Amino acid sequence: MHSHKNHPYHLVDVSPWPLLGALSAMITMVGLIKWFHMYEINLFIIGSINTMMIMYQWWRDIVREGTFQGLHTYTVTMGLRWGMILFITSEVFFFISFFWGFFHSSLSPNIELGMMWPPKGISPFNPMQIPLLNTLILLTSGLTVTWAHHSLIENNYTQTTQSLMLTVILGVYFSILQGYEYIEAPFCISDAIYGSSFYMATGFHGIHVIIGTSFLLICLIRHIKNHFSSIHHFGFEAAAWYWHFVDVVWLFLYISIYWWGS
């Protein structure tokens, strides 16, 4: 059917993944609520495994369409680019809401907070320790992902592999350090508005780092399998854009919550 079309658009085939993906996301969410209220993680694990299986199969289908069937024409990739730009824009506004809440509470702390910030009894993190190291890690990973992009454009297979691998390692290192920071934290999410603001903002950023690291890991695997060329690699570009976004959000988090807010 595709050989006879007289337009540059990609009319996708019927796929079970959107419906199954939505159902497995719902199971994961219900499992998370069950875990929080009943301290049972089983449903959350089932939902997560389901979601990951569907993600793998859905991505596999998109790789087939874009890389092997040649269905991602210039017009289609422009649509994908705009989709990614609008998605990142929505993510920017998502984080703006957390910063809005943080500054609303911290710039004029009310009587319930003792009219001081951080609230009495909260001992915040030293911004010169793990948070500063994490800032350096993410800034370095921004450099390595840009190095990977330029190497890919120049058809330098080895340097693309090395730099992408470095970026993934730095992403994993960041997540380990943030996990360690959470374990050692002197306050929890229920410790006043400070705890809520801190864990919501840094926690969602941490989830975005894990997603970005997974995105880059998939790109590394695809690069090793020779899916990308110097002129056809939007999958990697999207991952790089997302990673730079995660980078910039962390800089704002570090300056406002860790450094100024402490």
Side-chain angles (χ1 to χ4, degrees), residues 28-29 32-33 35-37 39 44 84-143 145 167 170-215 240-262:
T28 308
M29 196 64 230
L32 195 63
I33 295 162
W35 183 19
F36 284 177
H37 287 276
Y39 307 104
F44 175 72
M84 194 66 196
I85 289 164
L86 291 171
F87 169 65
I88 290 172
T89 306
S90 75
E91 292 276 79
V92 168
F93 282 96
F94 175 74
F95 277 100
I96 283 173
S97 65
F98 293 133
F99 285 111
W100 189 298
F102 173 77
F103 284 115
H104 174 82
S105 304
S106 59
L107 287 171
S108 59
N110 59 23
I111 193 76
E112 287 82 8
L113 297 176
M115 300 183 81
M116 61 185 286
W117 193 266
K120 191 170 174 63
I122 299 272
S123 51
F125 290 103
N126 182 349
M128 293 299 137
Q129 291 177 347
I130 288 178
L132 182 62
L133 177 58
N134 267 345
T135 305
L136 293 172
I137 288 165
L138 275 192
L139 287 174
T140 309
S141 72
L143 289 174
V145 81
T167 312
L170 288 167
V172 171
Y173 187 29
F174 177 93
S175 297
I176 291 167
L177 281 174
Q178 195 170 27
Y180 174 75
E181 185 181 70
Y182 278 11
I183 291 163
E184 296 292 312
F187 58 90
C188 67
I189 196 166
S190 56
D191 281 330
I193 189 70
Y194 185 92
S196 303
S197 298
F198 177 86
Y199 282 107
M200 284 297 280
T202 60
F204 269 110
H205 177 267
I207 291 166
H208 281 73
V209 170
I210 292 165
I211 293 165
T213 308
S214 308
F215 203 168
W241 291 355
Y242 189 80
W243 196 250
H244 288 308
F245 156 74
V246 166
D247 244 2
V248 172
V249 169
W250 175 259
L251 285 177
F252 280 102
L253 277 174
Y254 178 73
I255 291 164
S256 57
I257 294 178
Y258 282 100
W259 182 66
W260 179 83
S262 66

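Just so it is clear, the model here is predicted, and its values are computed rather than measured.
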*Asks:* Run the side-chain donor-acceptor check on residues 133-143: report pairs under 3.5 Å with partners two or more places apart or on a different chain.
*Replies:*
| from | atom 1 | to | atom 2 | distance (Å) |
| --- | --- | --- | --- | --- |
| T135 | OG1 | P131 | O | 2.8 |
| T135 | OG1 | W250 | NE1 | 2.9 |
| T140 | OG1 | L136 | O | 2.6 |
| S141 | OG | L138 | O | 2.7 |
| S141 | OG | W243 | NE1 | 2.8 |

*Asks:* Out of curiosity, M116 CE to I122 CD1, how far, rounded to the nearest 0.5 Å?
*Replies:*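 Result: 10.0 Å between the selected atoms.
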*Asks:* Give me each pair satisfying side chain to side chain donor-acceptor pair (under 3.5 Å) with a member in residues 192-210, each pair once, sequence neighbours excluded.
*Replies:*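 Sorted result for residues 192-210: E91-H208, Y182-T202.
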*Asks:* Using side-chain contact (heavy atoms from CB on, under 4.5 Å) as the criterion, list what pairs up with F93, not counting sequence neighbours.
*Replies:*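 F93: side-chain contact (heavy atoms from CB on, under 4.5 Å) contacts with T89, I96.
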*Asks:* Quick one: side-chain contact (heavy atoms from CB on, under 4.5 Å) partners of M200, sequence neighbours excluded?
*Replies:*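 Testing M200 for side-chain contact (heavy atoms from CB on, under 4.5 Å), a comparison that skips the adjacent residues, returns F98, F204.
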*Asks:* Which heavy atom of A185 sits nearest a heavy atom of F125, and at what distance?
*Replies:*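 Answer, listing the atom of A185 first, then F125: CB-CZ, 3.5 Å.
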*Asks:* When rounded to the nearest 0.5 angstrom, what distance separates CG in L170 from OG in S175?
*Replies:*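 Separation between the atoms: 11.0 Å.
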*Asks:* Please identify each residue that fulfils side-chain contact (heavy atoms from CB on, under 4.5 Å) with P127, with sequence neighbours left out.
*Replies:* Y254, Y258, W259, S262
*Asks:* Test I207 against every option in I210, V209, I211 by the side-chain contact (heavy atoms from CB on, under 4.5 Å) rule and name the one that passes.
*Replies:*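 With I207 as partner, I210, V209, I211 yield a single side-chain contact (heavy atoms from CB on, under 4.5 Å), made by I211.
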*Asks:* Could you work out, with side-chain contact (heavy atoms from CB on, under 4.5 Å) as the rule, every residue matching F252, not counting sequence neighbours?
*Replies:*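 Per chain and number, F252 pairs via side-chain contact (heavy atoms from CB on, under 4.5 Å) with F99, V248.
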*Asks:* Indicate the ring-plane relationship of F103 and W260, choosing parallel, tilted or perpendicular according to the 30° and 60° boundaries.
*Replies:*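 Tilted.
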*Asks:* With ring centroids as reference points, do F215 and W241 lie under 6.0 angstrom apart?
*Replies:*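 No - the distance between ring centres of F215 and W241 does not fall below the 6.0 Å cut-off.
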*Asks:* Which pair of heavy atoms, one from P124 and one from P118, lies closest together, and at what distance?
*Replies:* CG-CG, 3.8 Å
*Asks:* Can F102 and W117 be said to form a side-chain contact (heavy atoms from CB on, under 4.5 Å), step by step?
*Replies:* CA-CA 11 Å; F102 173 77; W117 193 266; 3.7 Å; yes
